[in-house]
Amino acid sequence: TVVWVRMTVTSFMNNENKHTLHLCMIEDISELMKVEEALRESELNFRLLFENGPIAIVYNQLIYNEAHQPVDFMCVDANKTYKEYIGIDPIGHKASNMSITTKSNTQKWIKRFNRIASIGKPQRFQEYNEMNNRWYDCAVFQYKQDHFVTVLLEITKQKQTEIKLTESQNLYHSFVEHLPGAVFRKDREGRYIFVNNKFCEVKGMTPEQVIGKTPRELSDYEKSINSERLKTGFKQSTLLAGEDHHNYIVRTGEYIENEELYIRPDGSKQYFQVVKSPVFGFDGKIIGSQGIQFDITDRKNAESALRDNNNRLTLAMHVANMAWWEMDISSGKIWFEKRKAEILGYPPENFTHYEDFMNLVHPDDYQKVMEKMHKHLVGTKEKYEVEYRIRDVNNNYKYFYDIGSITKADSNGKPLIISGLIFYITERKHAEDALLKSEMFLRTFINNAPFQIWARDDKNIGILENNHFVENLG
């Protein structure tokens, strides 16, 4: 064990100035030496940290004029990192004489140092140095009167990331605010944390009235501020579905797309196409959900009107015994109104190619039909028009009148699609045959009658004369 001691020796002299007695005092100073050694190590460690640490440290002294106004400051000490930051050794130099800062920046720092001297409180701030295009996180504190220590940590990459993030957020918000759809975002508990202007327009509320509420709370709030909304708003089933969707998305991370109905104050219906998706945090965990609603009311109304028109057209076709058809010319694939197959007694799925119908055409009519189609496709006939017989499921032939024309061609004029209508005319053909037979019977009877038969119109022009009448007149 090492023990440090401090030894003090005192000599006593007699009248003859001779040393006759020595007094020796020994003091154990081991603890004192340990403290001094620890202090030296601490100072050494601090100096090492000061010189080699990642943080830039500079010790400055304010310089005043005769009116005791701060006009400059001088570097008293600086560590290695600070010197590397500015590219020179600033110790002993005034700020105004160094090219590392502009005159305006020097004046700004002087004012800041003087303000700290006035209030005696440290300040922390972020500073951009345009001379080296870097950002710093700065802390300044007073060491003693007119002496200040500045600690700087370069945060250029962090700041650039923040700037890019801010620009990205601004771009996102600008994009979202100009979308034609209503955009919303919810936290994990289902509370709205963001809504765009379109969403507020649809709801008739401000963002402040929406943020922080769940859909159910928002619905109750709507009713509380406007009695007219007691009869309007999202249907209760839609409201519950929305909450279920959020919980499902948070639980599974899956996307949902559906349509929602909103009742306007005037009682009219407003439809939305809604796409909902999860929101992920930096750690990849789901932290909420988001969605966008597109107003599809016009489309839904148009679809409804189209369905009504199609239903009326289908009814009219059924009453008139007619059906539409369409054919892809290159492939022979066909589309048609099912009435065309039903008249023949076949299921519609039996027919996918034009040959499926042509195989049922009467042999005496087959060539005629093909020639009529060919002449129209090559342009020698303005339209395709023909009457033919086709065999039904009971092996009976039925009459049809078919008419169509090219409805789509390529840029070179080559036909691509032909469309048309087919009319069931069996009853008409039977009536025509019956009328023809009746006329033939009547003509035979008149011509062979044993008496004269003749007829004149109002201008005395003959319109009927039988054989007996002609023979008598010679």
Side-chain angles (χ1 to χ4, degrees), residues 175-184 195-205 210 215 218-219 222 228-229 231-242 244-245 249 255-277 289-329 331 333-342 348-349 351-352 403-411 415-423:
F175 173 74
V176 165
E177 289 299 347
H178 290 87
L179 280 175
V183 179
F184 62 88
V195 290
N196 70 344
N197 291 333
K198 188 65 177 180
F199 184 94
C200 295
E201 179 185 327
V202 171
K203 299 293 288 181
M205 305 176 75
V210 178
L218 187 61
S219 177
E222 285 183 280
E228 288 298 318
R229 291 184 179 269
K231 300 179 181 179
T232 64
F234 279 103
K235 295 173 64 177
Q236 189 68 13
S237 59
T238 302
L239 178 65
L240 296 176
D244 290 342
H245 289 169
I249 291 172
Y255 289 68
I256 291 178
E257 184 173 353
N258 70 315
E259 293 182 1
E260 293 180 356
L261 172 63
Y262 184 78
I263 308 300
R264 295 189 181 103
D266 61 2
S268 60
K269 296 179 180 180
Q270 190 172 15
Y271 294 91
F272 291 93
Q273 183 75 28
V274 186
V275 180
K276 303 174 183 177
S277 62
S289 70
Q290 61 186 357
I292 182 168
Q293 303 170 326
F294 292 101
D295 190 337
I296 58 171
T297 304
D298 291 341
R299 191 194 81 189
K300 295 291 285 186
N301 290 339
E303 289 175 353
S304 177
L306 180 60
R307 282 194 301 270
D308 291 343
N309 287 337
N310 287 341
N311 290 337
R312 285 192 290 268
L313 179 59
T314 300
L315 178 61
M317 286 187 172
H318 279 219
V319 171
N321 279 325
M322 59 186 291
W324 62 266
W325 58 267
E326 194 169 71
M327 181 179 74
D328 183 291
I329 297 171
S331 67
K333 185 177 180 180
I334 57 174
W335 302 268
F336 57 91
E337 205 277 323
K338 64 180 181 178
R339 180 66 175 160
K340 180 177 180 179
E342 291 175 346
E349 55 269 21
F351 305 92
T352 58
I403 184 171
S405 61
I406 297 168
T407 53
K408 185 177 181 181
D410 63 15
S411 57
L416 300 177
I417 300 292
I418 182 171
S419 307
L421 292 172
I422 188 168
F423 297 83

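Below, each value reflects all heavy atoms present in this structure, side chains not excepted, and no hydrogens, waters or symmetry copies.
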Task: Minimum-distance pair of heavy atoms, taken over all atoms of Phe423 and Ile403 - done: CE1-CG2, 4.2 Å
- [ ] First locate atom NZ of Lys276, then atom CZ of Phe184, and finally report the distance between them rounded to the nearest 0.5 Å.
- [x] 5.5 Å
TODO: Output all residues satisfying salt bridge (charged side-chain N to carboxylate O under 4.0 Å, His left out) with Glu349, sequence neighbours left out; order by chain, then residue number.
DONE: none
TODO: Enter the distance from Glu177:CD to Asn196:CG here, rounded to the nearest 0.5 Å.
DONE: 5.0 Å
- [ ] Before giving the answer on side chain to side chain contact (heavy atoms under 4.5 Å, CB included), spell out for His245 and Asn258 the whole-Å C-alpha distance, their side-chain angles and the decisive distance to 0.1 Å.
- [x] CA-CA 10 Å; His245 289 169; Asn258 70 315; 3.4 Å; yes
TODO: Not counting sequence neighbours, which residues clear side chain to side chain contact (heavy atoms under 4.5 Å, CB included) with Ile417? List them please.
DONE: Glu326, Asp328, Thr407, Lys408, Ser419
Task: Residues forming a side chain to side chain contact (heavy atoms under 4.5 Å, CB included) with Glu257, sequence neighbours excluded - done: Gln273, Val275
Open item on the list: Regarding Glu201 and Lys198, does a basic nitrogen lie under 4.0 Å from an acidic carboxylate oxygen?
Closed with: yes
TODO: Supply the atom-to-atom distance Lys269 NZ to Asn301 CG, rounded to the nearest 0.5 angstrom.
DONE: 10.0 Å
Open item on the list: Just to verify, what does Ser277 make a side chain to side chain contact (heavy atoms under 4.5 Å, CB included) with, not counting sequence neighbours?
Closed with: Tyr255, Gln290
Open item on the list: I need the minimum non-hydrogen distance between Ile292 and Leu179, along with the two atoms involved.
Closed with: CD1-CD1, 3.7 Å
- [ ] Hey, could you give me the CZ/CE distance between Phe199 and Met205, rounded to the nearest 0.5 Å?
- [x] 9.0 Å
- [ ] Output all residues satisfying salt bridge (charged side-chain N to carboxylate O under 4.0 Å, His left out) with Glu303, sequence neighbours left out; order by chain, then residue number.
- [x] Arg299
Task: Minimum-distance pair of heavy atoms, taken over all atoms of Val195 and Cys200 - done: CG2-SG, 3.7 Å
TODO: Would you name the heavy atoms of Trp325 and Leu421 that are closest together and state the gap between them?
DONE: NE1-N, 3.4 Å
Open item on the list: So does Thr297 get a backbone contact from the side chain of Gln270, meaning a donor-acceptor N/O pair under 3.5 Å?
Closed with: no
Open item on the list: Going by ring-ring contact (aromatic ring centres under 6.0 Å, His included), name the residues that satisfy it together with Phe336, two or more places apart in sequence or in a different chain.
Closed with: Phe357
Open item on the list: Treating Asp295 as the side-chain partner and Pro180 as the backbone partner, does any N or O pair qualify as donor plus acceptor under 3.5 Å?
Closed with: no
Open item on the list: Quick check: closest heavy atoms across Arg339 and Met322, and the distance to 0.1 Å?
Closed with: CG-O, 3.9 Å
Task: Spacing of CG belonging to Leu261 relative to NZ belonging to Lys300, to within rounding of 0.5 Å - done: 9.5 Å
